[in-house]
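Structure record follows, encoded as structure tokens.
Just the heavy atoms: all of them, side chains too, but no hydrogens, waters or symmetry mates, feed the values below. Counting convention: from 1, in listed order, for ligands and their atoms alike.
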Amino acid sequence: MLATMATSTARPVFPSAVLLIYPATLLLGSLFSIISPTAHRDLSGSSPQPASPLAPSLAADLHLSESPVNYFARKNNVFNIYFVKIGWLWTTAAFVSLFIFQPIYSSSRRESSSHQEARFRRTLQAILRYALTTTVWYLATQWFFGPAIIDRGFVATGGKCERALEKAGKMAAGQDSPTDLETLFTAATCKTAGGAWTGGHDISGHVLMLVLATGFLAFEAVGASAPVCFSRFGLTGDGGRERKASDADNTPAIDSTETGGFARTWSLRLVWGVVGLGWWMLFMTAIWFHTWLEKWTGLSIALSAVYAIYILPRRIAPLREVVGLPGV
Ligand SMILES: CCCCCCCC/C=C\CCCCCCCC(=O)SCCNC(=O)CCNC(=O)[C@H](O)C(C)(C)COP(=O)(O)O
Ligand SMILES: Nc1ncnc2c1ncn2[C@@H]1O[C@H](COP(=O)(O)O)[C@@H](OP(=O)(O)O)[C@H]1O
């Protein structure tokens with residue numbers, strides 16, 4: 001649904017229908033993996049792979065031979081290692097750059113105390129949205145009172161670390177301690193120990209993190225740069241009229257100095273660069289890795305979080321009071 005309607009306190013500028021881009025990307029990727037001759041060539045590679053993309057996968061990757069033809073089908077591709085694997089660091093850096101360089105958060109203009117108050121509130125709410133998004137990422141992929149939600153889900157659905165069984169055998173024979181065994185109950189520790197994380201429903205951490213990070217950054221960037229867009233394009237319609245009517249009071253002056261403009265532009269480029277590359281890597285995951293279901297569960301968790309943090313507050317005033325709306 002298009003959510004461009006505005007209320008006096010909420011002025012959404014990003015239609016919620018834009019979120020459909022994510023399921024569309026997964027669909028397109030899955031379709032590509034079915035019809036692409038390259039994907040099929042990989043599929044017919046020497047190593048045995050799960051036959052159906054609907055079946056639980058071994059180590060979560062589909063279509064892959066020992067050395068995949070497509071560069072992006074390799075786990076050690078440079079974008080996976082230096083971008084996705086430290087994706088929250090990039091997300092945090094991009095968000096911080098918005099914070100430092102977008103005038104909506106950091107105006108050098110002298111302001112009345114009510115404007116200062118509004119800016120302070122806007123800043124706190126942006127930090128809160130970051131904290132909420134980070135918490136979802138952290139609990140789902142890093143830690144949830146022990147192993148992360150993804151890992152717990154995997155074990156709960158029958159997954160295990162192959163090496164863990166070996167260890168259990170050794171433990172029973174008194175050759176290993178229980179602490180060693182516990183360390184094999186997360187995907188990361190299992191793989192590090194040379195084990196195979198296999199058998200259960202392995203929600204795609206890549207899909208989850210990439211959707212969450214790109215959704216978060218896109219909403220924040222559109223919000224932070226909205227005053228610039230509105231003044232530059234002279235937007236008309238309800239949202240535009242309302243924005244213009246209150247611009248004089250609420251919109252921070254755009255820093256017209258060359259340095260301010262340069263930094264502002266580059267912070268937005270950084271954010272949209274991270275969003276663009278994030279979308280591309282999501283597309284690659286959709287083509288080369290995981291089963292359908294594992295990708296869709298990752299997507300559902302991330303989209304639910306983005307929806308709750310960015311779309312629901314448009315309709316629910318008490319929620320909007322707390323988390324705010326980007327750019328308002
Ligand atoms: C009710 C209790 C609430 C407790 C809530 C705790 C909330 C904690 C909140 C914040 C924790 C601190 C987080 C600070 C983040 C800022 C600094 C960083 O950016 S962290 C360092 C960078 N690390 C990453 O970016 C890792 C990203 N990678 C992944 O998440 C995974 O590799 C993957 C999910 C992308 C894939 O996983 P894989 O196992 O398949 O490779
Ligand atoms: N776009 C991508 N590019 C490269 N590797 C990817 C990828 N998407 C997923 N993978 C790899 O597929 C495995 C499962 O990912 P996830 O569960 O996070 O979606 C991970 O392997 P490793 O854990 O062996 O690195 C991950 O690195």
Which residue and heavy atom of the protein sit nearest [atom], plus the separation:
| atom | value |
| --- | --- |
| atom 18 (C) of ligand 1 | Leu89 CD1, 3.9 Å |
| atom 35 (C) of ligand 1 | Met209 SD, 3.7 Å |
| atom 1 (C) of ligand 1 | Phe145 CZ, 3.9 Å |
| atom 5 (C) of ligand 1 | Thr135 CG2, 3.8 Å |
| atom 38 (P) of ligand 1 | Lys85 NZ, 3.8 Å |
| atom 31 (C) of ligand 1 | Gln142 NE2, 4.2 Å |
| atom 36 (C) of ligand 1 | His206 ND1, 3.5 Å |
| atom 14 (C) of ligand 1 | Thr134 CG2, 4.4 Å |

Aromatic contact between Phe283 and Phe72, with the criterion being ring centroids under 6.0 Å apart: yes or no?
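No: the rings miss the under 6.0 Å criterion.
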Phe14/Tyr310 aromatic ring centres below 6.0 Å:
no
[Y] and [X] aromatic ring geometry - parallel, tilted or perpendicular at 30°/60° bounds:
| X | Y | result |
| --- | --- | --- |
| Trp292 | Trp296 | parallel |
| Phe79 | Tyr71 | perpendicular |
| Tyr130 | Phe216 | tilted |
| Trp288 | Phe32 | perpendicular |

Relative to the heavy atoms of [X], which atoms of ligand 1 are at a distance of less than 4.0 Å?
| X | result |
| --- | --- |
| Thr141 | 30 (O), 34 (C) |
| Gly205 | 34 (C) |
| Gly87 | 25 (O), 27 (C) |
| Ile86 | 24 (C), 25 (O) |
| Thr92 | 16 (C), 19 (O) |

Exam field: side chain [X] to backbone [Y], donor-acceptor pair closer than 3.5 Å:
| X | Y | value |
| --- | --- | --- |
| Glu294 | Asp202 | yes |
| Ser106 | Ile100 | yes |
| Tyr22 | Ala302 | no |
| Arg122 | Tyr105 | no |
| Gln102 | Arg264 | yes |
| Ser36 | Ser33 | no |
| Glu321 | Ile316 | no |
| Arg320 | Leu325 | no |

Distance filter under 4.0 Å to [X] heavy atoms, resulting ligand 2 atoms:
| X | value |
| --- | --- |
| Gly205 | 16 (P), 17 (O), 18 (O), 19 (O) |
| His290 | 14 (C), 15 (O), 16 (P), 17 (O), 19 (O) |
| Met284 | 1 (N) |
| Ser204 | 17 (O), 19 (O) |
| Asn77 | 3 (N), 4 (C) |
| Met281 | 1 (N), 3 (N) |

Checking the N or O distance criterion of under 3.5 Å, is ligand 2 in contact with Lys191?
yes
Hey, is Thr285 touching ligand 2 through its side chain, its backbone, both or neither, going by heavy atoms under 4.0 Å?
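Answer for Thr285: both.
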The side chain to side chain donor-acceptor pair (under 3.5 Å) partner of Trp137 among Thr133, Thr141, Thr134, Thr135 is Thr141
Run through Ile21, Leu19, Leu282 and flag the one making a side chain to side chain contact (heavy atoms under 4.5 Å, CB included) with Val211.
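Testing each of Ile21, Leu19, Leu282 against Val211, the sole residue satisfying side chain to side chain contact (heavy atoms under 4.5 Å, CB included) is Leu282.
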Between Phe144, Tyr138, Trp137, Tyr130, flag the one that comes closest to atom 16 (C) of ligand 1 by a heavy atom.
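Nearest heavy atom to atom 16 (C) of ligand 1 lies in Tyr130.
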Of all the heavy atoms in Ala188, does at least one lie under 4.0 Å from an atom in ligand 1?
no
In this structure, does ligand 2 have an atom that sits under 4.0 Å from one of the heavy atoms of Lys85?
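Distance cut 4.0 Å: Lys85 passes for ligand 2.
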Within less than 4.0 angstrom of ligand 2, does Arg74 place any heavy atom?
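Right, Arg74 reaches ligand 2.
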Might you check, step by step, whether the distance between atom 12 (C) of ligand 1 and some protein heavy atom is under 4.0 Å?
no
Contact (N/O only, under 3.5 Å) between Trp88 and ligand 1:
yes
